[in-house]
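Here's the structure, in structure tokens; my notes come after.
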Amino acid sequence: MNPRFEFTLHATDGKARTGVIRMRRGEIRTPAFMPVGTAATVKAMKPESVRAAGADIILGNTYHLMLRPGGERVARLGGLHKFMNWGRPILTDSGGYQVMSLSDLRKITEEGVTFASHLDGSRHLLTPERSMEIQRLLGSDIVMCFDECPKIDQGRDQIARSMEMSMRWARRSRDGFDSGGEHAENAALFGIQQGALDEGLRKASADALHDIGFDGYAIGGLAVGEGQEAMFATLDFAPGQLPADRPRYLMGVGKPDDLVGAVERGVDMFDCVLPTRSGRNGQAFTWSGPLNMRNARHAEDTSPIDERCACPTCHTYSRAYVHHLIRSGEILGAMLLTEHNVSFYQQLMQAMRDVIAESRFQAFARDFRRDYLRK
Ligand SMILES: [Zn+2]
């Protein structure tokens, strides 16, 4: 039988790392990109296509699922894996970030966050304990601690107070998770480092999490408007503050060049809505940079979106056809482009895993940036 959670590093190249996480529902090759399945679906893709694209794990959003269809209902239906037909690992976020960004009338206290649903205005209280319970009801494989993600432009004192509360919530999350019986014996729990762009606060947060002890450690509170330069400056020190023998997960990132720069700085896992959301908005990611498929220059172009891409869309359909579908608002346009983008992201991760194993990451990163950013 597979282990509950086992992380093995196969190779490092500079700070970049490649390895594998073994869990009961399957292996996760790292560096890993997790497509986002917000509401029990990776939008516009069947789960079998997500797997065929190369994804080992997807992400589900606790905030969305607790409001609709509800954690208890998903549990009655046999859990999220069965409900959505995805048998491999699922990571669920804690709901904390989306409560802050999507809900109305938030009130944050030491106990948790009271909020009104963005769907129907109904009132809810989300606490570390309730977040652990919902993630257990969903049957999550990797559970995230409940935390507060402060706005990046707040003062240091406010960010410090927020981080300290998140560390108390991390302790409560640990206790809540551990009381989960059989689920706790099969799933993993990740802590989340906070502290915005401040090296000292990041260090204090990392130490507090390490004292509690987690299976993996996320870097939270980035990709919230600080810009790539500030994010990379923080990633120059933040991953190294976390235990080297555990996976490091940068939450909510990002663009392909963000991923390359973060892997270069020692990050192992990512999630982002960008490949799926862009697929619905007419943007394609390619090795030569992003393309706007609405642009008239694609109207009679019979070449694929990306000559180097191995996805079914690029194998079968022309830029001209995808352009026509997107311009016409056809659902198939979103489907084909999403499949390409999700597949492109997985091919990028596979390429990084390969070059790290072969100690050629620096040359790869240089060539990638030359081609991807040349516009
Ligand atoms: Zn493609």
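Read the numbers this way: they start at 1 and go in the same order the structure lists the ligands and their atoms.
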Checklist line | F270 vs F33, ring-ring contact (aromatic ring centres under 6.0 Å, His included): CA-CA, chis, key distance, verdict | finding: CA-CA 5 Å; F270 302 89; F33 182 85; 7.2 Å; no
Item checked: the Zn ion (ligand 1) - closest N/O/S atom in H340 -> ND1
Next item on the list: Describe, in one word, how the ring planes of H124 and F115 are oriented to each other, choosing from parallel (under 30°), tilted (30 to 60°) and perpendicular (over 60°).
Entry: parallel
Checklist line | Shared hydrophobic cluster for I219 and Y249 (ILVMFWY, side-chain gaps under 4.5 Å) | finding: no
Next item on the list: Classify the angle between the aromatic ring planes of F361 and F364 as parallel (below 30°), tilted (30 to 60°) or perpendicular (above 60°).
Entry: tilted
Margin query: Test of geometry: compute the angle SG(C311)-the Zn ion (ligand 1)-SG(C314) and round it to 10°.
Written below: 110°
Next item on the list: Tell me, please, if H315 has any N/O/S atom, main chain or side chain, under 2.8 Å from the Zn ion (ligand 1)?
Entry: no
